[in-house]
Amino acid sequence: QPYLYRLRLGKNGGLPAPGAVAAIPLSGEYGSGVANGIVATPNGRTLIVGDSFRSKIFRVDPATGHSREIVVDPPLDGFLDGIVMHERTLYIMTPGIDCPPVDRIQVVKLDKDLLTGTQLPPITGADLAGVASGAIFGSTLYVNNARYCDFPEPDTEYWVTGLTIR
């Protein structure tokens, strides 16, 4: 059964003692998937959690772990990795798992209830190579390129790609 782990940070963001970490089992519709990609809604009251192997996303109550599937039309596909949220739009990193990879960022506009969403055209580009996570600053989505198809050597180069999103 998948779990979320809550860390109550101390003053100045210090980590808590190991015994202060709370394990919250995911319940409800999540089932026994592989939790990967977690983002909090802007108000912090809800989490969106991805299931990498079933290509699904879930709305999760961070206090209880209770989950409900977010139905996306058309459905998501591929391996879901990091998730970034801006307002009610999700940017879901979807690295290609075949080599050479065909990476994309699936874009989902969520409805107000956060239980349904519409998939918009994906973001693609030649400069994406194993998109794993990202962050938004201003009107730019920055994604790291983990280069999953390249064996890491001491001189392997990695980079961050900036994509204009609005």
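With Q106 contributing its side chain and Q119 its backbone, the two residues share no donor-acceptor pair below 3.5 Å. Side chain of D73 to backbone of T118: no donor-acceptor contact under 3.5 angstrom is found. Counting only distance, with no hydrogens or angles, the side chain of T124 and the backbone of P122 share no donor-acceptor pair below 3.5 Å. Formation of a donor-acceptor pair under 3.5 Å by the D111 side chain with backbone atoms of D113 is not found in this model. The backbone N or O of Y142 lies less than 3.5 Å from no partner atom in the side chain of T140, so there is not a single donor-acceptor pair. Side chain of T89 to backbone of K109: no donor-acceptor contact under 3.5 angstrom is found. A donor-acceptor pair under 3.5 Å is absent between the side-chain atoms of N145 and the main chain of V131, judged by distance alone. For the pair S55 (side chain) and G78 (backbone), a donor-acceptor distance under 3.5 Å is present. With Y30 contributing its side chain and A35 its backbone, the two residues share a donor-acceptor pair below 3.5 Å. The closest donor-acceptor contact from the side chain of E29 to the backbone of S67 lies at 3.5 Å or more, if one exists at all.
In terms of hydrophobic clustering, with Ile, Leu, Val, Met, Phe, Trp and Tyr side chains grouped at heavy-atom distances under 4.5 Å, I24 and V21 are assigned to different clusters. Both V143 and V84 belong to a common hydrophobic cluster when Ile, Leu, Val, Met, Phe, Trp and Tyr are linked at side-chain heavy-atom distances under 4.5 angstrom. Hydrophobic clustering (side-chain heavy atoms under 4.5 Å, transitive across Ile, Leu, Val, Met, Phe, Trp, Tyr) groups L163 together with V107. Under a hydrophobic-cluster definition in which Ile, Leu, Val, Met, Phe, Trp and Tyr are linked whenever side-chain heavy atoms come within less than 4.5 Å, directly or via other members, L110 and V71 are assigned to different clusters. Following chains of ILVMFWY side-chain contacts shorter than 4.5 Å, one can reach Y91 starting from L128, so the two form part of one hydrophobic cluster.
Rounded to the nearest 0.5 angstrom, R68 CZ and R59 CZ are separated by 7.5 Å. Distance CG/L114 to CZ/F58: 15.0 Å, rounded to 0.5 Å. Atom-to-atom distance recorded for L76:CG and R54:CZ is 12.5 Å, nearest 0.5 angstrom. Considering CD1 of I57 and CG of L115, their distance stands at 10.5 Å, rounded to 0.5 Å. Note: D81 CG to T94 OG1 = 8.5 Å, rounded to the nearest 0.5 Å. To the nearest 0.5 Å, the span separating CG on L120 from CG on L90 amounts to 10.0 Å.
Using a 4.5 Å heavy-atom cutoff, the side chains of R147 and T156 are in contact. For the pair I92 and V108, the minimum side-chain heavy-atom distance is below 4.5 Å.
The environment of CD in E157 is sparse: at most 12 heavy-atom neighbours from other residues, nucleotides or ligands sit within 6.0 Å. Heavy atoms of other residues, nucleotides or ligands lying less than 6.0 angstrom from CD1 of I38 number more than 12.
D103 and A129 get closest at one heavy-atom pair: OD2-C, 3.7 Å. The two residues A23 and Y5 come nearest to each other via the heavy atoms CB-CE2, 3.7 Å. Closest of all the heavy-atom pairs between G44 and P62 is O-CG, 4.3 Å. Nearest heavy-atom pair, I83 versus G37, reported as atom, atom and distance to 0.1 Å: CD1-O, 3.6 Å. Scanning all heavy atoms of the two residues, the minimum distance from M85 to A40 falls at SD-O, 4.0 Å. Counting all heavy atoms, side chain and backbone alike, H66 lies closest to S27 at CA-OG, 3.3 Å.
Looking at Y158 and D150, their side chains never bring a donor and an acceptor atom within 3.5 Å of each other. N36 and D51 share no side-chain donor-acceptor pair at under 3.5 Å. Judged purely by distance below 3.5 Å, without hydrogens or angles, the side chains of D127 and W159 pair a donor atom with an acceptor atom.
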Using the salt bridge (Lys or Arg N to Asp or Glu O under 4.0 Å) rule, take D77 and R104 through it: C-alpha gap first, then chi angles, then the decisive distance, then the call. CA-CA 11 Å; D77 67 338; R104 63 202 153 98; 2.9 Å; yes
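F79 has its ring centre less than 6.0 Å from the ring centre of F53.
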